[in-house]
Amino acid sequence: MPELAEVEFFRRQWDPGLGGRVVGLELHSTARLFRGCDVPELRRALTGSVFRESRLHGKNLLFGFSGDAWLGVHLGMTGELRVDPGPGPGGRHDHLVLRQAGRSLVFADSRMFGRVRFDHSMGEPPLWWRELPPAVLDPRFSSRRLDGHLRRRDRAPIKALLLDQAIFPGIGNWMADEILWRLRWHPLIPAGLLGPDAAHVLRHHVRWVSRRALTTIGRDWSDPPATWLYRHRWAAGTRCPRPHCQTLLVRATAAGRTTCWCPGCQPAPPEHHGRSGGRTVAGGHRRQSPQRPR
DNA sequence: ATCTCTGTTCACAA
DNA sequence: GTTGTGAACAGAGA
């Protein structure tokens, strides 16, 4: 599930544990979630420590504990954080459980595309956290910087750029589609064809959608208004929510992900005529069923 | 049974 | 060397 706002929602789920001591923990150390993580060290450092703080950056979470211990969490595709009263029953996919007096802080992830990290780092977050690119709501997320990325990646479809966490930390599949729909940009337009004003308006919509998603989904998992593409993108046969448009929404694979857009508001990019002659416009694309040799 | 999925990473092609 | 694409990862739900 989680993109920026959903990850923020999950961050807050552990808030009841702030200031509390970790009296024990349970984990499935062999799970894929812990790849590259020093599990014995994590266990030693967190047992008996006090949960001090939590931070959000894009889709990354960082939890700080006494003793300069830092727990990094990425929720992948299906990760969730929750609090159980008492020791809790424990679900099949609970891979990390921090026990406190009267509650359990749980990280569950069925598909295990998520990730746990552990670091010791005195006084400040670990290096990998400090080296993350500017968050989309950070002032350093500037049009100028964005313009550089658009130029460098001028052949890539704009949707692929929006999914790049090194440029747009926290933007995921539905947020990318929401932003493109508001900009009236087709998802497959090459970044280099967007025009001189592109970085400026792109920055504006990225920040607007991020901010509003954080105050709805991020606060209490409530839906954004019905004026958002978000409310219409999942079901088949739904129409563009823009007033006076009502065009049937299209779904197809773009940049490797299921993409939803309005063919009325988001006109297809000019046909590419390279030597391949292949169609680059996905207007009526159909998924090819791959022929597998047996 | 078959297909889908709000993410990331790796191998490989251009 | 750089950039773009698609498969793989693993499980649940329709």
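Chain letters run A, B, ... following the sequence lines, proteins first and then strands; every chain starts at 1.
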Distances under 3.5 Å between nitrogen or oxygen atoms of protein and nucleotides 8-14 of chain B:
unit_1: B/dT8; atom_1: OP1; unit_2: A/His74; atom_2: NE2; d: 2.9
unit_1: B/dT8; atom_1: OP2; unit_2: A/Lys59; atom_2: NZ; d: 3.1

* Atom-to-atom span, CG of A/Asn60 to P of B/dG7 - whole angstrom -> 13 Å

* Asked: Think A/Arg117 forms a cation-pi with A/Trp70, using NZ or CZ under 6.0 Å from the six-ring centre and within 45 degrees of its axis?
  -> no

* Rounded to the nearest angstrom, tell me the gap between atom CD1 in A/Ile158 and atom P in C/dT3. => 16 Å

* Asked: Between C/dG11 atom P and A/Glu80 atom CD, what is the distance in whole Å?
  -> 16 Å

* Structure fact -> Of B/dG7, B/dT4, C/dG11, the nucleotide closest to the side chain of A/His93 is C/dG11

* **Atom-to-atom span, CE of A/Met77 to C1' of C/dG13 - whole angstrom** => 14 Å

* Asked: Where the side chain of A/Met112 is defined as all heavy atoms beyond and including C-beta, which of B/dC5, C/dG11, C/dG4 is the nearest nucleotide?
  -> C/dG11

* To do: Would you please confirm or rule out a distance under 4.0 Å between OP1 or OP2 of C/dT2 and any side-chain N or O of A/Arg155?
  => no

* Measure from NZ or CZ of A/Arg182 to the centre of the six-membered ring of A/Trp228 and say whether it is under 6.0 Å with the direction within 45° of the ring axis. => yes

* A/Asp84 bridged to A/Arg82 by N-O distance under 4.0 Å -> yes

* Which whole-number value in Å describes the distance from A/Leu188 CG to C/dT5 C1'? -> 13 Å

* Please tell me which of A/Arg32 and A/Arg92 maps to the more 5' nucleotide of DNA chain C, matching each residue to the nucleotide holding its nearest heavy atom. => A/Arg32

* Asked: Mind checking whether A/Tyr230 and A/Trp174 have ring centres under 6.0 Å apart?
  -> yes

* Run the salt-bridge test on A/Arg43 and A/Glu41 with the 4.0 Å N-O cut-off and return the result as yes or no. => no

* Does some side-chain heavy atom of A/Trp181 sit less than 4.5 Å from a side-chain heavy atom of A/Cys262? -> yes

* A/Asp109 has an atom CG; how far is it from atom P of C/dC9, in whole Å? -> 16 Å

* Whole angstrom is fine here: how far is it from CG in A/Leu33 over to P in C/dG11? => 11 Å

* Asked: Rounded to the nearest Å, what distance is computed from the CZ atom of residue A/Arg151 to the P atom of nucleotide C/dT2?
  -> 20 Å

* Tell me what A/Gly172 touches on the nucleic acid: a base, only sugar-phosphate, or nothing, going by heavy atoms under 4.0 Å. => sugar-phosphate

* Asked: How does DNA chain C read in dot-bracket, base by base from 5' to 3', with Watson-Crick or G-U pairs under 3.5 Å and | used when the partner is on another strand?
  -> .||||||||.||||

* To do: Quick one: sort the A/His95 and A/His93 rings into parallel, tilted or perpendicular, breaks at 30° and 60°.
  => tilted

* Is A/Lys59 salt-bridged to A/Glu3, going by a charged N under 4.0 Å from an acidic O? -> no

* Could you tell me if the ring centre of A/Trp261 sits under 6.0 Å from that of A/His186? => yes

